[in-house]
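Both ligands and their constituent atoms are indexed starting at 1 by order of listing. Position 1 is the first residue of the sequence; numbering continues from there. Atoms considered below: every heavy atom in the structure, side chains included; atoms not considered: hydrogens, waters and symmetry mates.
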Amino acid sequence: MIMKHALVTGGSRGIGRAISIKLVSLGYHVLVNYKSNEEEAKQTLTMIKQAGGSGELMKFDVTIPRQVDEAISKWSEVHKDGYIEVLVNNAGIRKDILLMWMEDHHWRDVIDTNLNGFFYVTRALLKNMLVNKYGRIVNIVSLSGLKGLPGQVNYSAAKAAVIGATKALAQEIGKKNVTVNAVAPGFIRTDMTKDLNENELKSLIPLNRFGLPEEVAEVVCFLASEKASYITGEVISVNGGLYT
Ligand code: NDP
């Protein structure tokens, strides 16, 4: 049987970890990207194996195009018979601060990781998807990119830009049977939200709780599957009804 490959950026923790594990059920060998947290990345790999799957670690910083290209080229040289047919652009950070106080690094770091990272990694993998006339790209965006949230002008701008890119790219490559969609989570329990007060914020959410990474992974994996064959350029919210 030919092995199918999927890459999840930021697969070491949180939502990316849940997606990496869930992709096992679609029969994928999962490439778990991470930036620096090797221990957590190894833990994801262990969980993939416990789920009956296989995977490998792929360390690179999505903000550095040279690192992205080198990692992908190195992998491709070893796997001449295969290609990465599923890409989940999940790596993301937030650096919340009111615009008035925002310094260059708050803006640049958030745009670099959430927006430029999407560009560098997608560009590196796209050609093989087009040549093979099959691919699934799923971008993890945010409620913040749809609605805009105060204190997150940088993050909202980055995520809204990825939503625009999702819609544009879907039109560029639909003819080659490569789909591009986005998933927009609301508040999900991960390291990224551990400083937020769930008890206070949950009253804003119709389902009255934060979501779990696995609840996001379900939707991502549907969009990454062959079953989602006629969906492209779409943004699906997973937010407990917070904003629809
Ligand atoms: P976490 O903070 O739990 O994990 C972030 C992941 O991204 C880690 O695996 C981290 O790697 C990786 N990462 C960060 N920067 C880079 C980089 N430069 N290069 C490669 N990998 C990087 O985040 P979540 O799981 O909460 O978030 C995942 C995605 O979901 C993000 O895009 C986020 O914006 C989005 N999201 C999250 C929401 C939430 O409520 N949690 C809500 C809406 C959207 P390492 O472990 O090595 O640091």
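Residue contact check: Pro185 has heavy atoms under 4.0 Å from atoms 42 (C), 43 (C), 44 (C) of ligand 1. Residue Phe187 approaches ligand 1 through these ligand atoms, each under 4.0 Å from one of its heavy atoms: 40 (O). Taking every non-hydrogen atom of Asn33 and a distance limit under 4.0 Å, the qualifying atoms of ligand 1 come out as 20 (C), 21 (N). The Tyr34 neighbourhood of ligand 1 comprises atoms 47 (O), with distances under 4.0 Å to a heavy atom of that residue. The distance from ligand 1 to the heavy atoms of Ile15 drops below 4.0 Å at these ligand atoms: 25 (O), 30 (O), 37 (C). Short contacts between ligand 1 and Ser36, defined as distances under 4.0 Å to a heavy atom of the residue, involve ligand atoms 47 (O). Within ligand 1, the atoms closer than 4.0 Å to a non-hydrogen atom of Ala91 are 7 (O), 13 (N), 21 (N), 22 (C), 32 (O), numbered from 1 in the order shown. Residue-ligand proximity, Tyr155 to ligand 1, at heavy-atom distances under 4.0 Å covers atoms 33 (C), 34 (O), 35 (C), 36 (N), 43 (C), 44 (C).
In this structure, a donor-acceptor pair under 3.5 Å is absent between the side chains of Tyr120 and Gln67. In this model, no donor atom of one side chain and acceptor atom of the other lie less than 3.5 Å apart for Asn208 and Ser203. Checking Asn114 against Lys159 by side-chain atom types alone, a donor-acceptor pair falls below 3.5 Å.
Among the atoms of Thr190, some N or O lies under 3.5 angstrom from an N or O of ligand 1. Polar contact check, Gly10 against ligand 1: a nitrogen or oxygen pair lies under 3.5 Å apart. Ligand 1 has a nitrogen or oxygen under 3.5 angstrom from a nitrogen or oxygen of Gly186. Note: an N/O pair closer than 3.5 Å links Val62 and ligand 1 by distance alone. In terms of polar-atom proximity, Ile188 is counted as a contact of ligand 1, with an N or O under 3.5 Å from an N or O of the ligand. In terms of N/O distances under 3.5 Å, ligand 1 is approached by Asp61.
For residues 4-13, the side-chain hydrogen bond (donor to acceptor under 3.5 Å, both in side chains) pairs, not counting sequence neighbours, are Arg13-Asp191.
A distance-only check finds a donor-acceptor pair linking the side chain of Ser156 to the backbone of Leu149 [under 3.5 Å]. Lys80 contributes a side-chain N or O that, together with a main-chain N or O of Glu77, makes up a donor-acceptor pair within less than 3.5 Å. In this structure a side-chain-to-backbone donor-acceptor pair under 3.5 Å is missing from Arg189 to Gly211.
The closest non-hydrogen atom to atom 10 (C) of ligand 1, taken over Lys194, Arg13, Lys35, comes from Arg13. For atom 5 (C) of ligand 1, the choice among Gly14, Gly92, Pro213 with the nearest heavy atom turns out to be Gly92. Closest heavy-atom approach to atom 31 (C) of ligand 1 within the set Thr63, Asn90, Ile140: this belongs to Asn90.
Under 4.0 Å is where a charged nitrogen must lie from a carboxylate oxygen, and between Asp195 and Arg94 at least one such pair does. Note on Arg209 versus Glu215: salt bridge recorded, some NZ/NE/NH1/NH2 to OD/OE distance being below 4.0 Å. The pair Lys167-Glu234 fails the salt-bridge criterion, with no side-chain N (NZ, NE, NH1 or NH2) lying under 4.0 Å from an Asp/Glu carboxylate O. Checked for salt-bridge contact, Glu38 and Lys59 miss the test: no charged N lies under 4.0 Å from a carboxylate O.
The shortest contact between atom 46 (O) of ligand 1 and any protein heavy atom is with Ser12 OG, 2.6 Å. When hydrogens are left out, the protein atom nearest atom 15 (N) of ligand 1 is Thr113 CG2, 3.6 Å; that is the closest non-hydrogen contact.
Considering only residues two or more places apart in sequence or on other chains, Asp69 meets the salt bridge (Lys or Arg N to Asp or Glu O under 4.0 Å) condition with none of them.
The shell of residues lying under 4.0 angstrom from ligand 1, judged by heavy atoms, includes Val141.
Contact annotation: for Lys159 versus ligand 1, heavy atoms closer than 4.0 Å belong to the side chain alone.
Only one option out of Asn181, Thr232, Asn139 pairs with Thr166 in a side-chain hydrogen bond (donor to acceptor under 3.5 Å, both in side chains); it is Asn139.
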